[in-house]
2 protein chains.
Amino acid sequence: METRELRYFVAVAEELHFGRAARRLGIAQPPLSRAIAQLERRLGTVLLERDSRGVALTGSGHVLLREGRTVLAAVAAAEARTRRAGQPPGLVLAAKAGASTELLAALLDAYAARPDPVPVDLRLCRFGEQSRLLREGAVDAALLHLPFDTTEGLDSEELHTEGRVALLPAGHPLAARPALRLAELAALPHLPAPRFPRRDGSYPDGPGPEIRDTTQLSQLVALGRMHAVLPESARSQLRPGVAVVPVLDAPPVTTVLAWDPAARSRPLAGLVRTAVEVFGGGGPNGVVVDGS
Amino acid sequence: METRELRYFVAVAEELHFGRAARRLGIAQPPLSRAIAQLERRLGTVLLERDSRGVALTGSGHVLLREGRTVLAAVAAAEARTRRAGQPPGLVLAAKAGASTELLAALLDAYAARPDPVPVDLRLCRFGEQSRLLREGAVDAALLHLPFDTTEGLDSEELHTEGRVALLPAGHPLAARPALRLAELAALPHLPAPRFPRRDGSYPDGPGPEIRDTTQLSQLVALGRMHAVLPESARSQLRPGVAVVPVLDAPPVTTVLAWDPAARSRPLAGLVRTAVEVFGGGGPNGVVVDGS
DNA sequence: CGGGGGCGATACCCGGCGGGTATCGGTCTA
DNA sequence: TAGACCGATACCCGCCGGGTATCGCCCCCG
C-alpha cells in the first residue's frame with residue numbers, strides 16, 4: 001500500500017464524494033475512482049458502498065480511514081523529524097501563546113545556563129496546537145496543560161500545578177467577590193463560557209464565542225461577552241477591564257513538558273534534565289539518551 | 001514520501017550496502033541508488049554517507065530509519081486490520097503455545113456463553129510473538145505475560161497473577177528441595193538458564209540454549225541441559241523427567257489480555273467484558289465500544 | 001607500481017502506470 | 001421527461017520506475 005493510495009482513500013472517505021475529494025487532491029475524478037478500485041482489489045475488500053447519489057463507508061472502510069490517518073500522520077512526522085535532524089542543531093519548543101510565561105522564561109534561562117546549550121526556537125501556538133505540532137514532528141518538545149491537552153503516546157514531565165481563576169468583565173457584580181464556585185459562573189445567562197477547539201480543531205456547539213488564543217479571550221471578557229476560567233498564572237497577562245476572582249472548585253491545571261518518546265537527541269535530553277532540575281516534579285515519565 | 005521509498009531506505013540503512021539491499025528488495029542496484037538520491041533531494045537532507053567502500057548513516061539517516069520502521073509497521077497493520085475487517089466476523093486471539101491453558105479455556109468458554117458470541121480463532125505463538133502479531137494487526141487480542149511482554153501502546157486488562165516455579169531435571173539434587181531462591185539456581189554452572197528472544201527476535205549472549213517454545217523448553221530441561229523459571233501454571237503441562245520446585249524470590253508473572261486501543265469492534269468489546277467479568281481484575285485499562 | 005575487483009553513480013532505454021479528457025449509465029428532481 | 005449529478009469506463013499520453021551497460025573511485029594484492 002502506497003501513501004498516495006492512502007491519501008486518496010482518506011480524502012474520499014472524509015468527503016464521501018469522489019468529485020470533491022478529487023478537487024481537494026488536485027487531480028481529476030476518474031483517476032481517483034480507478035485508484036480506489038485498485039486499492040480495493042489489492043486489499044480484497046470493499047471499502048466504499050457506492051449507491052449512486054453518494055458514497056458510504058463499509059466496515060473495512062472505517063477501519064482503513066482510522067488506520068490511514070495514523071499512517072499519514074506518522075509519515076508526516078517522519079518527514080518533519082528527518083528534515084529537522086539534517087538542519088544545524090537547535091531545539092524547537094512549542095508553547096501556548098500568552099500562557100506559562102514566567103515558567104517558560106525560567107526554563108529557557110536555566111537551559112541556556114547549562115554547559116552545552118543549543119539555540120532554542122520558540123513556537124507560540126493557539127489553543128491545543130502544541131500537541132499536534134509535537135506529534136507531527138514539527139517541534140522537539142511542547143508545554144502542555146493538563147487536563148486540556150493529553151500526553152497519550154508522549155513522554156512527559158510535570159512542571160507545575162496551579163489553581164484556577166475566573167476572568168470577568170470589570171464592574172460585573174461577581175467581580176467583587178473574594179472567590180467563586182463553578183456553579184455560580186454557569187448560572188450567568190448573559191456571560192457564557194467560551195468554546196475551546198477540540199483535538200481535531202473543530203468547536204463544540206453552544207452559546208459562547210469560539211476561542212483561538214489568549215488575546216482574543218481577554219478582549220472578549222473585557223467587552224462583556226463572556227467569562228473564562230483560566231490558570232492562576234493568567235493574572236500576569238491581564239488587561240484593563242478584566243477582573244480576576246479565584247475559583248474554588250475548578251480542577252487544577254498542570255503544566256507539563258512533553259516530547260516524542262522515541263527521540264534520542266542530546267539537546268532534548270538536556271532540556272528535559274533542566275526541567276527536572278528546576279521544577280523538581282514527580283519524577284520523569286520517560287528517559288532520553290544519546291544520539292543525533 | 002511514498003512507502004516504497006521508505007522500504008528502500010530502510011533496506012539500505014539496515015544492510016549498509018546498496019547491492020545487498022537491492023537483492024533483498026528484488027530489484028537492481030541502480031534504481032535503488034536513484035531512489036535514495038531522489039529521497040534525499042526531496043527531504044533536503046543527506047541520509048547516507050557514501051565513502052566508497054561502504055555506507056554509513058548520517059544523523060538524519062538514523063532518525064529516518066527509526067521513523068520509517070514505525071511507519072512501515074503502521075502500514076502493515078493498516079493493511080492487515082482492513083483486510084480482516086472485510087472478512088466474516090470472528091476474533092483472532094494470540095496466546096503463547098502451552099501457557100495459560102486453563103485460563104484460556106475459561107475465557108473462551110465464558111465468551112462462548114455470552115448472548116452474542118462470534119467464532120474465536122486461536123493463534124498459538126512462540127515466545128514473545130503475540131505482542132508483535134497484535135501490533136501488526138494480525139490478531140484482535142493477545143494474552144501477554146508481564147513482565148516479559150510489554151503493554152506499551154496497547155490497552156490491557158490484568159487477568160491473573162501467579163508465582164514462579166523452577167523446572168529442573170528429575171533427579172537433580174535441588175529437585176528434592178521444598179523451595180528455592182534465584183541465587184541457588186544461578187549458582188549451577190552446568191545447568192544454565194535458557195535464553196529467551198528479545199522484542200526484535202534476536203537472542204542475548206550467554207551460555208544457555210535459545211528457546212522458542214515450551215515443548216522445546218521442557219525437553220531441554222528433561223535432557224539436563226538447563227533449568228528454567230516459569231509461572232506456576234506450567235505445572236499443568238509437565239512431562240516426565242522434569243521436576244518442579246517453587247521459587248520464592250522470582251517476580252510474579254501477570255497474565256493480561258491486551259488489544260489495540262483504537263479498535264472499535266463489538267465482538268472484541270464482548271471478549272474484553274467477558275475477561276473483566278470472569279477474572280475480576282484491577283479494572284479495565286481502556287475502553288472499547290461500538291462499530292465494525 | 002600496476003591491474004583487478006568491489007561498490008556506488010551515471011547513462012540510456014523501455015514498458016507500465018498514473019494522470020488527463022470524453023463519455024456512458026443510472027438515479028433523483030424539477 | 002429532460003436535465004443535473006455522480007461515479008465508472010474508455011482511451012490516450014507522458015513520466016517515472018525498472019532494466020542493462022558502463023563509468024569512476026578506491027583498495028588490495030601480486
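Note that the coordinates shown come from a computational prediction; the quantities given were computed from them, not determined experimentally. Letters A, B, ... are given to chains in the order of the sequence lines, protein chains preceding strands, and every chain is numbered from 1.
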| query | Which nucleotide, C:dA9, C:dG19, C:dA22, lies nearest any side-chain atom of A:P30? | reply | C:dA22
| query | Considering residues, nucleotides and ligands other than B:R123, do more than 12 of their heavy atoms fall under 6.0 Å from its CZ? | reply | no
| Whole Å only: how far is the CG atom of B:L39 from the C1' atom of D:dC16? | 16 Å
| message | Tell me the interatomic distance from B:Q29, atom CD, to C:dT10, atom P, rounded to whole angstroms. | response | 11 Å
| query | For the side chain of B:Y8, counting heavy atoms from C-beta on, which of D:dG18, C:dT21, D:dG19 is nearest? | reply | D:dG18
| message | Strictly below 4.0 Å: does B:R4 bring a side-chain N or O up to OP1 or OP2 of D:dG18? | response | yes
| said: Starting the side chain at C-beta, find the nucleotide from D:dG19, C:dG8, D:dG7 nearest to B:I27. | reply: D:dG19
| Can you check the B:L16 CG to C:dG8 C1' distance for me, whole Å? | 14 Å
| Under 4.0 Å between a side-chain N or O of B:R50 and OP1 or OP2 of C:dA9? | yes
| query | Any side-chain donor paired with an acceptor under 3.5 Å for A:R66 and A:T70? | reply | no
| note | B:E15 atom CD is separated from C:dC7 atom C1', nearest whole Å, by 15 Å
| message | Under 4.0 Å, counting only non-hydrogen atoms across every strand here, what does B:E2 touch: a base, just sugar-phosphate, or nothing? | response | nothing
| request: Give one of base, sugar-phosphate or nothing for B:R34, where a contact means two heavy atoms less than 4.0 Å apart. | output: base
| query | Below 4.0 angstrom from OP1 or OP2 of D:dA8, is there any side-chain N or O of A:S33? | reply | yes
| Minimum-distance nucleotide to B:P31 side chain [options: C:dA22, D:dG19, D:dG7] | D:dG19
| Using a distance-only test with no angle check, is there a side-chain donor-acceptor pair under 3.5 angstrom linking A:E49 and A:T58? | no
| note | B:F18 CZ to D:dC25 C1', in whole Å, measures 15 Å
| note | To the nearest angstrom, the CD-C1' distance between B:Q38 and C:dT10 comes to 15 Å
| task | Give a yes or no on whether A:R195 atom CZ has more than 12 heavy-atom contacts from other residues, nucleotides or ligands under 6.0 Å away. | result | yes
| said: Looking at A:H17, I'd like to know whether one of its side-chain N or O atoms comes within less than 4.0 Å of OP1 or OP2 on D:dC5. | reply: no
| task | Could you state the atom-to-atom distance from CD1 of A:I36 to P of C:dC17 in whole Å? | result | 18 Å
| Whole-Å distance separating the CG atom of A:L25 from the P atom of C:dG20 | 10 Å
| What's the spacing between A:R4 CZ and B:R4 CZ if we round to 0.5 Å? | 10.5 Å
